[in-house]
Amino acid sequence: MGAEFAYYKEPSPRTFSTGEPNNVSDCSPRSEKIGLVVSSPLVVTSLGSSIFKITFTSFYATPCCVQGSAMPFGNTHNALKMKYASSEEYPDLSQHNNHMAKILTPAIYERLRSKQTPSGFTLDDVIQTGIDNPGHPFIMTVGCVAGDEETYEVFKELLDPIIEDRHGGYKPTDKHKTDLNPNNLKGGDDLDPNYVLSSRVRTGRSIRGFCLPPHCSRGERRGVEKMSVEALDSLSGDLKGKYYALKNMTDAEQQQLIDDHFLFDKPVSPLLLASGMARDWPDGRGIWHNDTKTFLVWVNEEDHLRVISMQKGGNMKEVFNRFCTGLTKIETLFKDKGTSFMWNEHLGYVLTCPSNLGTGLRAGVHVKIPNMSKHAKFEEVLKRLRLQKRGTGGVDTAAVGGTFDISNADRLGFSEVELVQMVVDGVKLLVEMEKKLEKGQSIDNIMPAQK
Amino acid sequence: MAFSFTRMMSSRNTATLLASLGAGTMATCYLMTDSNILSAEERRKLYPPSADFPDLRRHNNCMAHALTPAIYGKLRDQVTPNNWTLDQCIQTGVDNPGHPFIKTVGMVAGDEESYKVFADLFDPVIKDRHNGYDPKTMKHPTDLDASKITNGVFDEKYVLSSRVRTGRSIRGLSLPPCCSRSERREVERVTVQALAGLKGDLSGRYYSLGDMTDKEQQQLIDEHFLFDKPISPLLTSAFMARDWPDARGIWHNNEKTFLIWVNEEDHTRVISMEKGGNMKRVFERFCRGLQQVEKLIQERGWEFMWNEHLGYILTCPSNLGTGLRAGVHVRLPKLSKDPRFGKILDNMRLQKRGTGGVDTATTGDTFDISNNDRLGKSEVELVQLLVDGVNYLIDCEKRLERGQDIKIPAPIVQFRK
């Protein structure tokens, strides 16, 4: 046998429920042997931006019927389903309230059902999460996911209208501007810390050449982890840090990460589970953070990478500074390795959920606005400022004691700097309004215009 | 990294890192052209089986114990005629490491051919789960002649209800993990059409899960007939809850003694039950109903999945053979407190469950007692074992009531291993 398998453990003798010893003939000695992975010989030639060639020994004779990547679902490449008419296959979306259910028609389904991306992601894979989660009358979820970068191209007939619906009229011909230059942000270092308790910016990044979490194989996921950890380990200065793989964590490390509010756990939301993202948990997943605990990266949760910069208090400028610096450094490190982030000039940064396209950026603060939040015009103000409120536990949680999570509502069609600027300016105004209400004054004369 | 070779061999963490090294090495050096789009086939070549082999070091299920790198390497790129793969079979076992005390199966079939194409893994799992039954050499007997049952009426002072269940799959359609929406709807159509042809004490009606009225739903809940969307991760990781509740439903006869579940964990689950201890009548109705349904689907050109080695083919390997669980709810207040209770059950090839079904606790001293085995013995043999066993348990209970001692019976013979 060529390369060994690192995750194989020789079985110890088993007993049946009757208490009799296992006499199965392949019972092996009790000692555990962990095989080693032997690096395959590589031949690499590099010529600037041209092609790297890889040759490696193939350990097994390639069998005759190799089919497309088969995950994530049972019916991804089901051969029988194409024998049925499109109308037989069409999902029942009569109870559903999500973007996919709103946009999908039998005609679109018929045109797209026989397509697949080069890596084997099909239309049914894209929409399964939306079928399995009818949604809520008040909350409009997206209802579809991408399995790879090409999904957005192959299934554009469905995804473009969904993107337009979700992202405020963003057209298929629109171009998205990326701006990660923190010097372009005006102000943001003077939000009143008596009101603004903490500041945070997050985004996601996908590594080109790998399938996304709904569709990736174990080998790909491990490849993403390895490449990301390598890049992160070479960060220095105030960004220097350490990686904690979810499955190798000690109890003490785990408790520390929980106390720091850094730990993410296996998804329980049916929105995520139904898209195949939790497969093989916790293999290939982990958390990296810098020593000062202000820069944090999640590996292989809902996206390849989720990058978070945060700190207590109201200095959003510093948070954004670190965010941009860190991201740019990581991107450079990936480029040195010959890969890059998934990006194009129409959709910006490509992520698993269409709701996170463009910047994938959510910049937010935890801010104490008990008076403002009870004001009749609160929602109107937020809408005009293009902000949204959440509870302090994150999405779908309640606010505690008048403290809200206020963040930008948009992701696509505005640059990173523009979105953070909106948050900085908007939160400044909200704090001003809160102070006025505290003094019993009216806020009518400082109502903002619609951005 | 300046590790010595021996330290590398023994360090589990290093091995893990090196595995990712191996997995990532190819990917790391792969580069970017303007169109670096990898096709599925290229992707497969870029990631040899060693890169994809699951980490099963913390797992306690039959699949994790049987899967070796050699088997995975051989089978990873195989597909059934319906394009079902090994990774899809084992996903549920990878995602659910299991419990140190409860050994689950850890894999499912997507279609009838899975058991053949992936026999190198299914066979040892079947052997492990079914007491050494070897599908390559052994034959499974099918016998649905209820008249052969003797002593099948229990003392109703102890036995509160009797029930027999099994499953049946429709040949030519993929199983719940794999099926598309149209196949699932076809299963529903074929089944409901056949059931509409049942007459006499078996005539009844179908309630589609999606179209049920609130009143019908409440009625079915009260009768303990309703099944709901699976929440067990064992089932959801096996892709069985997709498109819920599309094409799922419940059929039962007017007397509420014969019940069919459509498209839950199998194409069909067939249940015969009634209050009291007349297991013989329950089994008689069971066999009659099954045989009539089989005839009705055959009239339309369909048949059940069955072969002489594995018997009736169902989604989970644990239900192969007869797929039969015959059981009673029985009160055993004294015996259940006796320390020998467990051993008596073991020797008689019986298992106890709570009165809510699998993985529930008992209420009071009432237990669900049923047969352990599914494959290698016929339906008649298994029901007779259950009947003899329950009669023995009741006898023990009576003895303990009278202050007499009880004996642990000799263990029932298994197959030769």
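Convention: sequence-line order gives letters A, B, ...; per-chain numbering from 1.
Under the salt bridge (Lys or Arg N to Asp or Glu O under 4.0 Å) criterion, R113(A) pairs with no residue, sequence neighbours left out. Legend: residues meeting salt bridge (Lys or Arg N to Asp or Glu O under 4.0 Å) with E110(A), ordered by chain and number and at least two apart, are absent.
Ion pairing between a basic and an acidic side chain is recognised when a charged N comes within 4.0 Å of a carboxylate O; E186(B) and K83(A) show no such pairing.
For A278(A), the part lying near chain B is the backbone, with the side chain staying farther off; criterion is any non-hydrogen pair under 4.5 Å. Contact annotation for T117(A): neither backbone nor side-chain heavy atoms come within less than 4.5 Å of a heavy atom of chain B.
In terms of modelled atom types and a separation under 3.5 Å, the side chain of R185(B) and the main chain of E88(A) share a donor-acceptor contact. Although no hydrogens or angles enter the test, the distance criterion places a donor-acceptor pair under 3.5 Å between the side chain of N82(B) and the main chain of L80(A).
Residue with the most contacts toward chain A among R184(B), R76(B), R189(B): R189(B) (heavy-atom pairs, distance under 4.5 Å). When the candidates P176(B), S174(B), A241(B) are compared by the number of heavy-atom contacts under 4.5 Å with chain A, S174(B) comes out ahead.
By the 4.5 Å heavy-atom criterion applied to side chains, R218(A) and D55(B) are not counted as neighbours. Using a 4.5 Å cut-off on side-chain heavy atoms (C-beta onward), N83(B) and N78(A) make no contact. Annotation: side chain of R222(A) is not in contact with side chain of D52(B) (no heavy-atom distance under 4.5 Å).
Test D132(A), D124(A), D92(A) against R181(B) for salt bridge (charged side-chain N to carboxylate O under 4.0 Å, His left out) and you get one pass: D124(A).
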